[in-house]
2 protein chains.
Amino acid sequence: MFSKACEYGIRAAVYIAMQSLDGRRVSVNEIAEEIDSPMAFTAKILQQLTKNNIIDSVKGPTGGFEIEREAMDTVKLSKIVKAIDGDKIYVGCGLGLKECNADKPCPLHDKFVDVRSNLRTMLQSTSLYELATGLEVGLTYLKR
Amino acid sequence: MFSKACEYGIRAAVYIAMQSLDGRRVSVNEIAEEIDSPMAFTAKILQQLTKNNIIDSVKGPTGGFEIEREAMDTVKLSKIVKAIDGDKIYVGCGLGLKECNADKPCPLHDKFVDVRSNLRTMLQSTSLYELATGLEVGLTYLKR
DNA sequence: TTTAATTCGGATAAATTTATCCTTTATTAA
DNA sequence: TTAATAAAGGATAAATTTATCCGAATTAAA
């Protein structure tokens, strides 16, 4: 469904958000450890998220990654997915046709529209804050 | 969503089914041309579908691929997807966690269950026959 | 019986994704 | 001012997916 990069990206963002709720700034090292992801690769993905203004980064000692409380509400999963995987999950034909649309649909078109709008709605309505609080109160988990 | 291989596989299967409805057996060459896919790669995928008893193959002159009328009803998309991409689209965590389940869910677990069961239902209830007839009467398209 | 058409199967190449390593830059604190 | 810490960025490697090529096996028709 999502690429590995995107999976790590979402997990990292949720972890950062949870820690930011406690006022803690976290390093790549800690993040990779806590979400059980390859550290150097995770660093790359965090760079992408930073460039896309999804998370904030601070260099130097005591530096690390954080997310503003307000951004946790604004940033929906859709924004993270788009920053990493692009919009191929929303746009484009389920069977890979370039010119598939309601006028000239592929055999799966109508059924796919349903499934995907379902997914899109989910991603567009789920905020980082929502995911982070579930984590914080111990309802959900990020490792393994 | 699906791998390229799976996209080609579904398109090929639908095309073969449509031609089989007309009593025509088709070659890899024709298939690749008609569904606009790389021929040698498509041949590999057709081998997989044959091994999984999704389509039938006949060697030699006048040989090619075909699907029995009955199989068109029996074979749902889920079977094709499983033969090519495995069941990772059904099973497993949206965020890539190994031990994610209702007891120890990832932050996205519940929302993902919905989206995916939607997808699973669609794949399990859509038959090759259904897709092939849409093609045959000119309601849907496979190329481009 | 030979020829030609077709799938099958193995080897390999190209492209993309995943992952690592190392140097540079920024910044804090001693 | 220096040393240490952390992210940024570039180069490269490993793994996987996508794709091609070619000889072998099968079979129908000439």
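In the text below, chain A, chain B and the rest are named by the order of the sequence lines, each starting its count at 1. Bear in mind that the values here come from a model prediction, so they are computed numbers and not experimental data.
Regarding contacts with the backbone of dC8(C), a side-chain N or O of Ser57(B) is found under 4.0 angstrom from either OP1 or OP2. At the phosphate of dA19(C), OP1 or OP2 sits under 4.0 Å from a side-chain N or O atom of Tyr8(A). Of the side-chain N and O atoms in Gln47(B), one or more sit less than 4.0 angstrom from OP1 or OP2 of dG9(C).
Nucleotide dA7(D) holds its C1' atom 11 Å from the CD1 atom of Ile55(A), rounded to whole Å. The CE-P distance, from Met39(B) to dT7(C), rounds to 9 Å in whole Å. Straight-line distance from the CD atom of Glu66(B) to the C1' atom of dT7(C): 13 Å, rounded to whole Å. Atom-to-atom, CD1 of Ile31(B) to C1' of dT6(C) comes out at 12 Å; the value is rounded to the nearest Å. One can place CD of Glu7(B) at 14 Å from P of dT17(D), the figure rounded to the nearest angstrom. When the C1' atom of dA14(C) is taken as reference, atom CZ of Phe41(B) falls 12 Å away, rounded to whole Å. Regarding Lys4(B), its NZ atom lies at a distance of 16 Å from the C1' atom of dT16(D), rounded to whole Å. Rounded to whole Å, the distance from CG on Asn29(A) to C1' on dC21(C) is 15 Å.
By the criterion of side-chain heavy atoms lying less than 4.5 angstrom apart, applied directly or through intervening Ile, Leu, Val, Met, Phe, Trp or Tyr residues, Val26(A) is grouped together with Leu46(A) in one hydrophobic cluster.
The base of dG10(D) sits within donor-acceptor range of the side chain of Lys44(A), with an N or O pair under 3.5 Å.
Residues Lys59(B) and Asp85(B) each lie close to DNA chain D; by heavy-atom proximity, the contact nearer the 5' end of the strand is made by Asp85(B). Projected onto DNA chain C by closest heavy-atom contact, Gly60(A) and Phe2(A) fall at different nucleotides, the more 5' of which corresponds to Phe2(A). When the nearest nucleotides of DNA chain C are assigned to Pro38(A) and Phe65(B) by heavy-atom distance, the more 5′-ward of the two goes with Phe65(B).
Between dT28(C), dT20(D), dC8(C), one nucleotide has an atom nearer to the side chain of Thr50(B) than all others, and that is dC8(C). Counting only heavy atoms from C-beta on, Thr62(A) has its side chain closest to dT28(C) among dT28(C), dA6(D), dC21(C).
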Test side chain to side chain contact (heavy atoms under 4.5 Å, CB included) on Lys82(A) and Leu123(A); report intermediate values, then the result. CA-CA 10 Å; Lys82(A) 197 163 193 176; Leu123(A) 294 176; over 6 Å; no
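Comment: Glu30(A) does not engage Arg25(A) in a salt bridge, judged by the lack of any side-chain N to carboxylate O separation of less than 4.0 angstrom. Glu130(B) and Lys111(A) are joined by a salt bridge, as a carboxylate oxygen and a charged side-chain nitrogen come within less than 4.0 angstrom of each other.
Both the sub-6.0 Å distance and the 45° axial angle are satisfied by Arg69(A) relative to the ring of Tyr129(A).
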